[in-house]
Visitor: 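Would you mind keeping the following structure in view while I ask a few things?
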There are 2 protein chains.
Amino acid sequence: MALRVVSRSEPSTAADRCAREILETVPLVMRVVRAEMRRQGALVVSVPQFRALAFVERHPGASLAGVAEHLGVTAPTASTIVDRLVRRRLVGRVPDPAERRRVALTLTPAGGRLFARMRSKARRHVAMRLAGASAADLRKVAGALAVLDRLFREETGIIG
Amino acid sequence: MALRVVSRSEPSTAADRCAREILETVPLVMRVVRAEMRRQGALVVSVPQFRALAFVERHPGASLAGVAEHLGVTAPTASTIVDRLVRRRLVGRVPDPAERRRVALTLTPAGGRLFARMRSKARRHVAMRLAGASAADLRKVAGALAVLDRLFREETGIIG
DNA sequence: CCTAACTATTAGATGACCTAAGTATAAACC
DNA sequence: GGTTTATACTTAGGTCATCTAATAGTTAGG
């Protein structure tokens, strides 16, 4: 024990260094994307609302609990998020005939269009940033993303 | 023009594919980290508050405008964020004697301790995730982060 | 000086998030 | 079959982040 007191203040594992870099760069990327979207006035709905749209598009007839789990938020939070989407006619919410305590959520045509537009705009923003990268760099990034995805993907679910 | 109508719906550039993956994985990583922090009760202050602490630690005597620019928010937003930190005795806010419309912000000892604790906790969380990666994977990730950092770093500043 | 520019705050709004408490429906169990 | 328990969602009340618009105090320029 007493022999391992050297430089406790500066962790030097490769994983530790990589962790610092992740906590530096990953939030930066998201902030820049969000900022560019906002600057263009392309943030027509909030980020959680957008994620809810994405989930409902992929899971037509989804329940509120499904949205809540996918967003990693509590049921009341999901309820109000969906409620704003419903009030803007982007999502339809009808009671499920088989399970009448459930609601079945669907994208309205307007909701589908808005979602597609926002998503392609975000992708175009990122792609424009990537225009300044070489093909080799792009391959590096893609490979690293696969690694990160694998490491962070598990346990998508409960947030508590 | 009319000759380029093929598959407009599916962009296939390498940069486009990479952009899709970035928009998939990068938010995932951040959400997982935030969720783990919250689960451990380690989110003692909010993310913007934490970022404000980080800025003031690195720039003692910073002004409110400095915090606002670093956070990418408006002055009123920065004001309330700093205000909560001041009320919790994590940040000191005194009028700058030379420029009496400015305030000089500093970390209190408690603020410094709390910031250091939160940061190391976040790093440890990420490092634990990375424990399941090979050394080669870590090198890949680090290299990709450097690329992303370069591509997204510029234009840190104005958001509005 | 006195106005123009700048720094910070206050006021008022929307939205995300939480916990706790309700309502309604389904399942389960005597 | 009726009561109890569990499930799905909503409502109520609170904190925090965020915006724009308006305000107060300070400095600088003409």
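Lettering follows sequence order; numbering is per chain, from 1.
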Visitor: I'd like to check the side-chain hydrogen bond (donor to acceptor under 3.5 Å, both in side chains) partners of A:Arg124; sequence neighbours left out, ordered by chain and number.
Guide: A:Ser120
Visitor: Rounded to whole angstroms, how far apart are CD on B:Glu99 and P on C:dT7?
Guide: 8 Å
Visitor: Check the orientation of A:His70 and A:Phe55. Use parallel for under 30°, tilted for 30 to 60°, and perpendicular for over 60°.
Guide: parallel
Visitor: Do you know which two heavy atoms are closest between B:Leu53 and B:Phe115, and how far apart they sit?
Guide: CB-CD1, 4.0 Å
Visitor: Kindly state which residues belonging to residues 85-94 of chain B come within less than 4.0 angstrom of DNA chain D, counting heavy atoms of the residue only, listed by number.
Guide: none
Visitor: In whole Å, I'd like the distance from the CG atom of B:Leu71 to the P atom of D:dC16.
Guide: 16 Å
Visitor: Between atom CZ in A:Arg39 and atom P in D:dC19, what is the gap in whole Å?
Guide: 14 Å
Visitor: Do any N or O atoms from the side chain of B:Thr108 and from the backbone of B:Gly111 form a donor-acceptor pair under 3.5 angstrom?
Guide: yes
Visitor: According to side-chain contact (heavy atoms from CB on, under 4.5 Å), who are the partners of A:Ser63, at least two apart in sequence or on a separate chain?
Guide: A:Ala65, A:Arg102
Visitor: Give me the atom names and distance for the closest heavy-atom approach of B:Val73 to B:Ala78.
Guide: CG2-N, 3.9 Å
Visitor: Mind calculating the distance between CG (B:Leu53) and C1' (D:dA17) to the nearest angstrom?
Guide: 15 Å
Visitor: Over all heavy atoms of both residues, which pair between B:Ile81 and B:Ala52 is shortest? Give the atoms and the distance, please.
Guide: CG2-CB, 4.2 Å
Visitor: Using a heavy-atom cut-off of under 4.0 Å over every strand shown, decide if B:Ala52 touches base, sugar-phosphate, or nothing.
Guide: nothing
Visitor: Would you say the side-chain atoms of A:Arg123 pair up with the backbone N or O of B:Ala19, donor to acceptor, closer than 3.5 Å?
Guide: no
Visitor: Can you tell me if A:Thr74 touches the phosphate of C:dC18, counting only side-chain N or O atoms and a distance under 4.0 Å to OP1 or OP2?
Guide: yes
Visitor: Measuring from atom SG of A:Cys18 to atom CZ of B:Arg129, what distance do you get when rounded to the nearest 0.5 angstrom?
Guide: 14.5 Å
Visitor: I'd like to know if A:Arg20 pairs up with A:Asp16 as an ion pair, taking the criterion as any Lys NZ or Arg NE/NH1/NH2 lying under 4.0 Å from an Asp or Glu carboxylate oxygen.
Guide: no
Visitor: Could you tell me if the side chain of A:Thr77 sits less than 4.5 Å from the side chain of A:Thr74, heavy atoms only?
Guide: yes
Visitor: Examine D:dC19: is either OP1 or OP2 under 4.0 Å from a nitrogen or oxygen in the side chain of B:Thr77? Give yes or no.
Guide: yes
Visitor: Without decimals, in angstroms, what is the distance between A:Phe50 CZ and C:dG15 P?
Guide: 18 Å
Visitor: What integer distance in Å separates A:Arg31:CZ from D:dT18:C1'?
Guide: 16 Å
Visitor: Ignoring hydrogens and angles, tell me if any N or O in the side chain of A:Thr25 forms a donor-acceptor pair with the backbone of A:Ile22 under 3.5 Å.
Guide: no
Visitor: Could you write out each protein N or O paired with an N or O of nucleotides 11-13 of chain D at a distance under 3.5 Å?
Guide:
none

Visitor: Between A:Asp96 and B:Ala78, just flag the one whose closest nucleotide in DNA chain C comes earlier from the 5' side.
Guide: B:Ala78
Visitor: Starting at CZ of A:Arg38 and ending at C1' of C:dT14, how long is that distance when rounded to a whole Å?
Guide: 13 Å
Visitor: Could you report the tightest heavy-atom contact between B:Ala144 and A:Lys140, atom names first, then the distance?
Guide: CB-O, 3.7 Å
Visitor: Which parts of residues 111-122 of chain A get close to DNA chain C, meaning a heavy atom less than 4.0 angstrom away?
Guide: none
Visitor: Looking at every heavy atom in both B:Arg88 and B:Val44, which two are closest together, and how far apart are they?
Guide: NH1-O, 3.1 Å
Visitor: Taking 4.0 Å as the cut-off, does a side-chain nitrogen or oxygen of B:Arg84 come that near to OP1 or OP2 on D:dT15?
Guide: no
Visitor: Whether B:Asp96 and B:Arg101 form a salt bridge (side-chain N of Lys/Arg under 4.0 Å from carboxylate O of Asp/Glu) is what I want to check.
Guide: no
Visitor: Using nucleotides 5-8 of chain D, report all nitrogen or oxygen pairs with the protein that are shorter than 3.5 Å.
Guide:
from	atom 1	to	atom 2	distance (Å)
D:dT7	O4'	A:Arg101	NH1	3.4
D:dT7	O2	A:Arg101	NH1	2.9
D:dA8	OP1	A:Arg102	NH2	3.3

Visitor: Please work out if A:Ala98 contacts a base, only the sugar-phosphate, or nothing of the nucleic acid, heavy-atom cut-off 4.0 Å.
Guide: sugar-phosphate
Visitor: Hey, which sits more toward the 5' end of DNA chain C by its nearest nucleotide, B:Ala75 or A:Ile81?
Guide: B:Ala75
Visitor: Tell me the interatomic distance from B:Met37, atom CE, to C:dC18, atom P, rounded to whole angstroms.
Guide: 16 Å
Visitor: Looking only at the side chain of B:Ser46 (C-beta and beyond, no hydrogens), which of the listed nucleotides D:dT27, D:dA17, C:dC18 gets closest?
Guide: D:dA17
